[in-house]
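Encoded as structure tokens, the structure appears first; notes follow it.
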Amino acid sequence: MRLPVKTHPHVLMTADALGGVWQYSLDLAQGLVRRGLTVTIAVLGPAPSPAQIAAAESASGARIQATDLALEWLAKDPAEVLAAAEALVRLAASLKADIVHLHSPAFASAHFPVPVVAVCHSCVGTWWDAVETGPLPRDLAWRRDCVAEGCTHVDTLLAPTEAFAVATQRVYGLAEPPRVVRNGRRTPAAPTQTTSPASYVFTAGRLWDRAKNAATLDQVGARIDWPLRAAGPLEGPAGERVQAPHLDCLGRLDDAGVAAQLGARPVFLSLARYEPFGLAVLEAASAGCALVLSDLASFRELWEGVALFVDPSDAAGAAAAIRQLADDPAERVRRGRAARTRAELYGVDAMTDGVLAVFRACWTDTPVRALAGAAA
């Protein structure tokens, strides 16, 4: 039996600071620290500023270490990914970590001395399957292959939804799907709501990513009377850029900026064509926003009976759904309250308990499938 040798087991987690993985990692780290574990977060890719690191350490209780190691989707070649994986092995050994929690299976191909859990947050293989057609171009195919190789080395694979677990199993030909432990966020205190919800629409995400469907969002913005505010970068790290003249583009907002927008309870819109979970949707629901979402399997799984669903390619349909809510304030408020109630199911405590159950199974060689329903 592989039991941790310390009173307070040490977890080495990886993260990047370019998207939702960052907040996921901080929330999970905080939950694990509160349960008596020691957590070190190794940040791969572009490093947060010293001020951001200090704030994140204060909030999470984890030690955060910028590594300058490559992210698999920004790396130049497979050798750079393997070099990052080997550096993580050395870091795990130097920390005397008891388990490694990777934010991508791609880094699992090195020989770690302790159990490895990897989360399938997203990857180029499933992204391409959802967004594009035809064979993967060479520059993406090797990245997919790195993930596929890593999947064969981990002790346990996790996914945030059943829908994405099934997609991951299919794309990578896995014998069984990853185990589902849903992402979670802390639900803010219930607002006093002395004023009516604001008369605008809000969306958030990496707008340069084709999966976020900025072109159709822009078409929706041209069809509605309310402003459609969009938070997130228009230009990606590899030079990708989108034009969206009908969106009120706010640029990259910090957590406080996003919270301020959502606190006014606008209609939240996501027309994503690929979304393994959707932390931005969860944040909007937690704030009491009515939701208009792409008709994706992952969104249906999480928000069926709460959101209005539309075809992500149908700008007219999305605009009509927004007008439906604008014309019926009582229904809009009802849906916002329903969204907040549903969001309470996807909390940090449930996520932490699910991940911790997987850790314990790795330490004791207990089959993960025997852990009936842990946060799934």
Side-chain angles (χ1 to χ4, degrees), residues 12-22 24-25 40-47 65-95 97 99-159 164-165 167-178 206 208-211 236-240 274 276:
L12 172 61
M13 298 174 60
T14 66
D16 70 67
L18 296 178
V21 170
W22 179 241
Y24 163 91
S25 301
T40 297
I41 300 176
V43 182
L44 281 64
Q65 183 171 334
T67 66
D68 293 324
L69 298 174
L71 291 167
E72 85 277 8
W73 55 281
L74 293 179
K76 300 182 185 70
D77 53 42
E80 199 169 16
V81 177
L82 181 58
E86 291 173 342
L88 290 170
V89 169
R90 293 191 294 272
L91 180 58
S94 69
L95 294 172
I99 199 159
V100 173
H101 181 279
L102 299 174
H103 77 292
S104 169
F107 302 105
S109 54
H111 298 291
F112 286 88
V114 293
V116 175
V117 174
V119 186
C120 302
H121 286 292
S122 66
C123 63
V124 295
T126 54
W127 178 91
W128 185 270
D129 184 66
V131 175
E132 303 290 355
T133 58
L136 274 165
R138 181 178 301 174
D139 186 51
L140 297 183
W142 70 257
R143 301 173 200 275
R144 175 203 57 200
D145 293 344
C146 285
V147 173
E149 175 67 16
C151 285
T152 68
H153 288 80
V154 301
D155 289 79
T156 305
L157 281 173
L158 303 180
F164 191 59
T168 301
Q169 180 186 25
R170 175 172 50 78
V171 168
Y172 292 102
L174 304 178
E176 60 182 13
R206 297 180 300 200
W208 54 266
D209 182 346
R210 289 198 297 278
E240 310 92 334
Y274 167 79

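These values consider heavy atoms only, across backbone and side chains, with no hydrogens, waters or symmetry-generated copies. We number each residue from 1, following the sequence as shown.
- Summarising the geometry of Ala211 relative to Val131, their closest heavy-atom pair is CB-CG2, 3.7 Å, with the distance given to 0.1 Å.
- Two residues are said to be in side-chain contact when any heavy atoms from C-beta on lie closer than 4.5 Å; Val116 and Ile99 fail this criterion.
- Among residue pairs with one or both ends in residues 99-121, none qualify as salt bridge (charged side-chain N to carboxylate O under 4.0 Å, His left out); sequence neighbours excluded.
- Ring-plane geometry between Tyr24 and His121 is classed as perpendicular, the angle between the planes exceeding 60 degrees on a 0 to 90 degree scale with a lower cut at 30.
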Assess the residue pair Leu174 and Cys151 against the criterion (side chain to side chain contact (heavy atoms under 4.5 Å, CB included)); give the C-alpha distance rounded to whole Å, side-chain angles, the decisive distance to 0.1 Å, and a yes or no.
CA-CA 8 Å; Leu174 304 178; Cys151 285; 4.0 Å; yes

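- Residues Thr14 and Val43 are not in side-chain contact: their nearest non-hydrogen atoms beyond the backbone lie 4.5 Å or more apart.
- For the pair Pro276/Thr126, no side-chain contact is recorded, criterion being any heavy-atom separation below 4.5 Å from C-beta on.
- A heavy-atom distance below 4.5 Å is not found between the side chains of Trp127 and Val171.
- In this structure, Cys120 and Pro105 have side chains that are in contact, with non-hydrogen atoms separated by less than 4.5 Å.
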Under 3.5 Å, side-chain donor or acceptor atoms of residues 74-82 against the rest of the protein: list the pairs with distances, not counting sequence neighbours.
| from | atom 1 | to | atom 2 | distance (Å) |
| --- | --- | --- | --- | --- |
| Asp77 | OD1 | Ala79 | N | 3.1 |
| Asp77 | OD1 | Glu80 | N | 2.9 |
| Glu80 | OE1 | Lys76 | N | 2.6 |

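- Side-chain atoms of Val119 and His103, non-hydrogen and from C-beta on, never get closer than 4.5 Å to each other.
- For Glu86, the salt bridge (Lys or Arg N to Asp or Glu O under 4.0 Å) test picks out no residue, with sequence neighbours left out.
- Annotation for Val100 and Ala92: closest pair CG2-CB, 4.0 Å, computed over non-hydrogen atoms.
- By the side chain to side chain contact (heavy atoms under 4.5 Å, CB included) test, Ala85 pairs with Phe107, Ala110, sequence neighbours left out.
- For the residue pair Ala108 and Val154, the shortest heavy atom distance occurs at CB-CG1, 3.3 Å.
- The shortest non-hydrogen separation linking Ala84 to Leu69 is O-CD1, 3.8 Å.
- For Ser104, the side chain to side chain donor-acceptor pair (under 3.5 Å) criterion is met by Glu72, not counting sequence neighbours.
- Counting only residues at least two apart or on different chains, the salt bridge (charged side-chain N to carboxylate O under 4.0 Å, His left out) pairs with a member in residues 118-141 are Asp129-Arg170, Glu132-Arg210, Asp139-Arg143.
- Trp22 meets the side chain to side chain donor-acceptor pair (under 3.5 Å) test with no other residue; sequence neighbours excluded.
- Shown here are the side chain to side chain contact (heavy atoms under 4.5 Å, CB included) partners of Pro137, two or more places apart in sequence or in another chain: Trp128, Leu140.
- The minimum heavy-atom distance between Ala70 and Leu44, with the atom names listed, is O-CD2, 3.6 Å.
- In this structure, the side chain to side chain contact (heavy atoms under 4.5 Å, CB included) partners of Arg144, at least two apart in sequence or on a different chain, are Val124, Leu136, Ala141, Tyr172.
- Thr40 meets the side chain to side chain donor-acceptor pair (under 3.5 Å) test with His10; sequence neighbours excluded.
- Here the straight-line distance linking atom OG of Ser122 with atom OH of Tyr274 works out to 4.5 Å at 0.5 Å rounding.
- Pairs of residues two or more places apart, or lying in two chains, never qualify as salt bridge (charged side-chain N to carboxylate O under 4.0 Å, His left out) while including a residue from residues 117-128.
- For Thr168, there are no side chain to side chain donor-acceptor pair (under 3.5 Å) partners two or more places apart in sequence or in a different chain.
- The nearest pair of heavy atoms linking Val147 to Cys123 is CG2-CB, 4.4 Å.
- By the 4.5 Å heavy-atom criterion applied to side chains, Leu88 and Leu102 are counted as neighbours.
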